[in-house]
Asks: 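Encoded as structure tokens, here's the structure I'll be asking about.
Since the model is a prediction, treat every value here as computed from it, not as a measurement.
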Amino acid sequence: MYSFTIYDSTISLHKNRGIQRNDGKCNHYGILYRVLNMLKDCGFVVTNDDKVDKIIRKDYFYGRRDELEFSASRYPAGFEITFFQNVIYKNPNGGRYDFDKLNGMPYLTRMKCTLYLRKISRFFISEIGIKNCTEQSYKFAEDKIKYRYVRSVHAEQQSMNFNLSDLDGQTVEGRNGLDRNGKTIRNGDVKYFRDYDGYIRRGRVYHNLNNMWYVIQDKFTVRNIASFELFDFTNDICLKRQKKPNIPKEYADRRKAISETSTKELIRELCRRNSLTDCKNHPDFVASRNKAAERLFALNRR
């Protein structure tokens with residue numbers, strides 16, 4: 001009925017099926033209280049979290065022992081407990097709002113946090129019988145892809161005991177297996193793509209799902225790239241950085257509409273807005289369509 005996962009410094013319990021209630025209360029609320037009492041026995045001072053509104057405060061908890069703190073929240077489908085510290089942090093609002101909380105902790109604090117996460121997970125497994133569904137983390141890129149194949153219901157691999165190179169040459173049917181130039185993509189191919197920063201990257205590709213492909217950039221890094229972003233390198237490809245300007249759609253549509261408008265209509269619109277006191281005395285605007293268009297575009301932005 002229940003499962004739990006650990007990610008960074010957070011341990012979460014989830015209901016796998018429909019919500020079951022006991023005397024009007026969720027069953028896992030009692031499990032949360034047992035965990036909080038266990039942390040109290042370990043030296044934590046546990047209270048309701050006074051940083052949230054009184055209306056919902058009964059579902060939020062806060063605990064602290066020395067420099068290690070935690071916040072807990074419960075909801076109908078489960079609960080979660082997040083450990084943090086405020087000794088070394090990047091977020092100006094405190095370590096509670098940092099990303100990568102565990103690695104950002106001082107060494108001894110990180111060891112304490114790891115200890116309590118293990119105590120809670122052992123309690124879940126041994127006393128409650130809850131399954132640990134935490135995804136295993138791997139260091140190398142190929143192992144990451146192999147693990148995702150094993151976890152996927154769409155792949156035939158059942159264990160990690162295989163070589164990724166055994167899949168080389170395989171492809172998928174339809175457009176999901178074609179790159180941006182219509183060329184077939186096969187597992188093990190070296191493909192290029194232009195990254196979000198405008199620079200060209202490359203890597204060895206293996207199919208994920210639908211039109212998404214894993215790209216092994218280096219020994220440790222895996223990217224997930226769509227098939228229509230992949231291509232083969234040719235001599236006519238521009239190697240310079242090409243980053244698309246982030247122009248809002250409404251402004252792009254307005255520019256297009258202005259470019260399709262005649263010069264006389266643009267000048268007439270400028271005169272209607274009293275931007276030109278005497279149109280006949282401004283031959284430059286009449287002669288230069290671009291200046292008139294840019295002037296009207298600037299007025300529209302005001």
Asks: Report the C-alpha distance between Asp59 and Tyr75 in whole Å, list the side-chain angles of each, state the deciding distance to 0.1 Å, and finish with yes or no for side chain to side chain contact (heavy atoms under 4.5 Å, CB included).
Replies: CA-CA 7 Å; Asp59 294 323; Tyr75 39 88; over 6 Å; no
Asks: If I take atom CE from residue Met105 and atom SG from residue Cys113, how far apart are they, to the nearest 0.5 angstrom?
Replies: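 Those atoms lie 4.0 Å apart.
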Asks: Do Lys101 and Phe83 form a cation-pi contact, if we require the NZ or CZ to be under 6.0 Å from the six-membered ring centre and within 45 degrees of the ring's axis?
Replies: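 No - Lys101 does not lie over the ring of Phe83 by the 6.0 Å and 45° rule.
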Asks: Would you check if the side chain of Lys146 reaches a backbone N or O of Phe162 as a donor-acceptor pair within less than 3.5 Å?
Replies: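 Yes; judged by distance alone, with no hydrogens or angles, the pair exists.
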Asks: When rounded to the nearest 0.5 angstrom, what distance separates CG in Leu32 from OG in Ser73?
Replies: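 Answer rounded to 0.5 Å: 8.5 Å.
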Asks: Under 4.5 Å between side-chain heavy atoms, counting indirect links through other Ile/Leu/Val/Met/Phe/Trp/Tyr residues: same cluster for Tyr89 and Leu68 or not?
Replies: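 Each belongs to a different hydrophobic cluster.
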Asks: Return the minimal non-hydrogen interatomic distance between Arg110 and Leu102, and the atom names on each side.
Replies: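 Taking every non-hydrogen atom into account, CD-O, 3.1 Å.
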Asks: When rounded to the nearest 0.5 angstrom, what distance separates CZ in Arg255 from CD in Glu260?
Replies: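 It is 14.0 Å, given to the nearest 0.5 Å.
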Asks: Between Arg34 and Glu127, does the side chain to side chain contact (heavy atoms under 4.5 Å, CB included) criterion hold? Intermediate values first, please.
Replies: CA-CA 11 Å; Arg34 293 180 65 180; Glu127 299 195 27; 3.2 Å; yes
Asks: Going through the distances and angles, do Asp195 and Ile200 end up as a side chain to side chain contact (heavy atoms under 4.5 Å, CB included)?
Replies: CA-CA 6 Å; Asp195 212 346; Ile200 290 180; over 6 Å; no
Asks: Evaluate the ring pair (Phe, Tyr, Trp, His ring centres under 6.0 Å) criterion for residues Tyr116 and Phe44: first the C-alpha distance (whole Å), next the side-chain angles of each, then the deciding distance (0.1 Å), finally the verdict.
Replies: CA-CA 11 Å; Tyr116 294 126; Phe44 281 88; 5.0 Å; yes
Asks: Please report the closest heavy-atom contact between Gly203 and Val215, naming both atoms and the distance.
Replies: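 Distance-wise, the nearest heavy atoms are CA-CG1, 3.6 Å.
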Asks: Give a yes or no answer on whether the side chain of Asp179 reaches the backbone of Gly182 with a donor-acceptor pair at less than 3.5 Å.
Replies: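 Checked: pair present.
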Asks: Restricting to pairs with a member in residues 157-172, which pass side chain to side chain donor-acceptor pair (under 3.5 Å), not counting sequence neighbours?
Replies: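 Listed once each, the pairs are Asp168-Tyr206.
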Asks: Quick check: closest heavy atoms across Arg65 and Gly43, and the distance to 0.1 Å?
Replies: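 Taking Arg65 first and Gly43 second, the nearest heavy atoms are CG-O, 3.7 Å.
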Asks: Is it the case that the side chain of Asn208 and the backbone of Tyr214 share a donor-acceptor pair, with hydrogens and angles ignored and the cut-off at 3.5 Å?
Replies: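 Side chain of Asn208 to backbone of Tyr214, a donor-acceptor pair under 3.5 Å: no, none is there.
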Asks: Is the closest side-chain donor-acceptor distance between Asn86 and Glu67 under 3.5 Å?
Replies: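 Looking only at side-chain atoms, Glu67 and Asn86 do not form any donor-acceptor pair under 3.5 Å.
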Asks: Taking Val222 as the starting point, is it possible to reach Tyr192 by hopping between hydrophobic residues whose side chains are less than 4.5 Å apart?
Replies: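 No, because Tyr192 and Val222 fall into different hydrophobic clusters, even though each may have its own neighbours under 4.5 Å.
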Asks: When the ring planes of Tyr33 and Phe61 are compared, do they come out parallel, tilted or perpendicular, using 30° and 60° as the limits?
Replies: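 Tyr33 and Phe61: perpendicular rings.
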Asks: Do Ser12 and Phe79 make a side-chain contact, defined as non-hydrogen atoms from C-beta onward lying under 4.5 Å apart?
Replies: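 Result no, sub-4.5 Å side-chain heavy-atom pair not found.
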Asks: Please determine which of His14, His28, Lys131 meets the side chain to side chain contact (heavy atoms under 4.5 Å, CB included) test together with Tyr2.
Replies: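 Only one option passes, and that is His28.
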Asks: Let me check something: do Ile88 and Tyr97 share a hydrophobic cluster, defined by ILVMFWY side-chain heavy atoms less than 4.5 Å apart, either directly or through other members?
Replies: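 Ile88 does not cluster with Tyr97.
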Asks: So, taking the atom named OG1 in Thr109 and the one named CD in Gln85, what distance separates them when rounded to the nearest 0.5 Å?
Replies: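 Output value for this atom pair is 6.0 Å.
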Asks: Does Asp53 reach the main-chain N or O of Ile55 with its side chain, forming a donor-acceptor pair under 3.5 Å?
Replies: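 Flag set: sc Asp53 to bb Ile55 pair under 3.5 Å.
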Asks: Quick check on Arg57: does its CZ atom have over 12 non-hydrogen neighbours (other residues, nucleotides or ligands) under 6.0 Å away?
Replies: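 Atom CZ in Arg57 is packed in, count exceeds 12.
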Asks: Does NZ or CZ of Arg201 fall inside the cone over Phe193's six-membered ring, less than 6.0 Å from its centre and within 45° of the axis?
Replies: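 Not flagged: Arg201 not positioned over aromatic ring of Phe193.
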Asks: Does atom OH (Tyr7) have a neighbourhood of more than 12 heavy atoms from anything else shown, all under 6.0 Å?
Replies: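 Counting neighbours around OH of Tyr7, 12 or fewer heavy atoms of other residues, nucleotides or ligands fall under 6.0 Å, so no.
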Asks: Are any of the side-chain nitrogens in Lys219 or Glu142 under 4.0 Å away from the carboxylate oxygens of its partner?
Replies: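 So Lys219 does not pair with Glu142 through a salt bridge.
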Asks: Atom CZ in Arg122, atom CZ in Phe124: separation rounded to 0.5 Å?
Replies: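 With rounding to 0.5 Å, CZ (Arg122) is 13.0 Å from CZ (Phe124).
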Asks: Between Ser152 (side chain) and Tyr149 (backbone), is there a donor-acceptor pair under 3.5 Å?
Replies: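 Judged by distance alone, no pair lies under 3.5 Å.
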Asks: Do Cys42 and Lys119 have side chains that approach each other closer than 4.5 Å (heavy atoms only, starting at C-beta)?
Replies: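 Yes. Closest side-chain heavy atoms under 4.5 Å.
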Asks: How long is the span from the CG atom in Leu209 to the CG atom in Asn176, to the nearest 0.5 Å?
Replies: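 Between atom CG of Leu209 and atom CG of Asn176 there are 10.0 Å.
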Asks: Using a 4.5 Å cut-off on heavy atoms from C-beta on, say whether the side chain of Thr5 contacts that of Leu13.
Replies: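 No, too far: nothing below the 4.5 Å cut-off.
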Asks: Under the side chain to side chain contact (heavy atoms under 4.5 Å, CB included) criterion, do Leu115 and Met111 qualify, and how do the steps go?
Replies: CA-CA 6 Å; Leu115 172 64; Met111 293 300 101; over 6 Å; no
Asks: Between Arg204 and Asp189, is the closest basic N to carboxylate O distance under 4.0 Å?
Replies: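 No.
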Asks: What's the shortest heavy-atom distance between Val205 and Lys191, and which atoms?
Replies: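 Residues Val205 and Lys191, closest heavy atoms: CG1-CB, 3.8 Å.
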Asks: Is Arg180 reaching over with its side chain to a backbone N or O of Phe228, donor-acceptor style, under 3.5 angstrom?
Replies: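 Between the backbone of Phe228 and the side chain of Arg180 there is no qualifying donor-acceptor contact (under 3.5 Å).
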Asks: Is there a donor-acceptor contact under 3.5 Å from the side chain of Asn211 to the main chain of Ala226?
Replies: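 Absent.
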Asks: Between Asn91 (side chain) and Asn93 (backbone), is there a donor-acceptor pair under 3.5 Å?
Replies: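 Checking the backbone N and O of Asn93 against the side chain of Asn91, a donor-acceptor pair under 3.5 Å is found.
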Asks: Quick one: sort the Phe84 and Tyr62 rings into parallel, tilted or perpendicular, breaks at 30° and 60°.
Replies: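 Tilted, since the angle between the ring planes falls between 30° and 60°.
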Asks: For residues Met212 and Ile185: do they belong to one hydrophobic cluster (side chain heavy atoms under 4.5 Å, members Ile, Leu, Val, Met, Phe, Trp, Tyr)?
Replies: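 No, no single cluster joins them.
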Asks: Report yes or no: does Asn132 contribute a side-chain atom to a donor-acceptor pair with the main-chain N or O of Thr134 at less than 3.5 Å?
Replies: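 Answer holds: yes.
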Asks: Return yes if some donor-acceptor pair links the side-chain N/O of Asn48 with the main-chain N/O of Tyr60 below 3.5 Å, else return no.
Replies: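 Checking the backbone N and O of Tyr60 against the side chain of Asn48, a donor-acceptor pair under 3.5 Å is found.
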Asks: Using 4.0 Å as the upper bound for N to carboxylate O, is an ion pair formed by Asp49 and Arg96?
Replies: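 Counted as a salt bridge, because a side-chain N and a carboxylate O are separated by less than 4.0 Å.
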Asks: When hydrophobic residues are tied together by side-chain contacts of less than 4.5 Å, even through go-betweens, does Ile225 share a cluster with Leu178?
Replies: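 Different clusters: Ile225 never reaches Leu178 through Ile, Leu, Val, Met, Phe, Trp or Tyr contacts under 4.5 Å.
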Asks: Any ion pair linking Lys90 and Asp100 (charged N to carboxylate O, less than 4.0 Å)?
Replies: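 No, no charged N to carboxylate O under 4.0 Å.
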Asks: Parallel, tilted or perpendicular: which one describes the rings of Phe140 and Phe220, with boundaries at 30° and 60°?
Replies: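 Aromatic pair Phe140/Phe220 classed parallel.
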Asks: Whether Arg74 engages the ring of Tyr29 as a cation-pi pair (distance to the six-membered ring centre under 6.0 angstrom, angle to the ring normal within 45°) should be assessed.
Replies: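 Pair Arg74/Tyr29 counts as cation-pi.
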Asks: Going by the side chain to side chain contact (heavy atoms under 4.5 Å, CB included) test, name the single residue among Ile11, Thr10, Thr82, Leu39 that passes it with Phe70.
Replies: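 So the option named by the test is Leu39.
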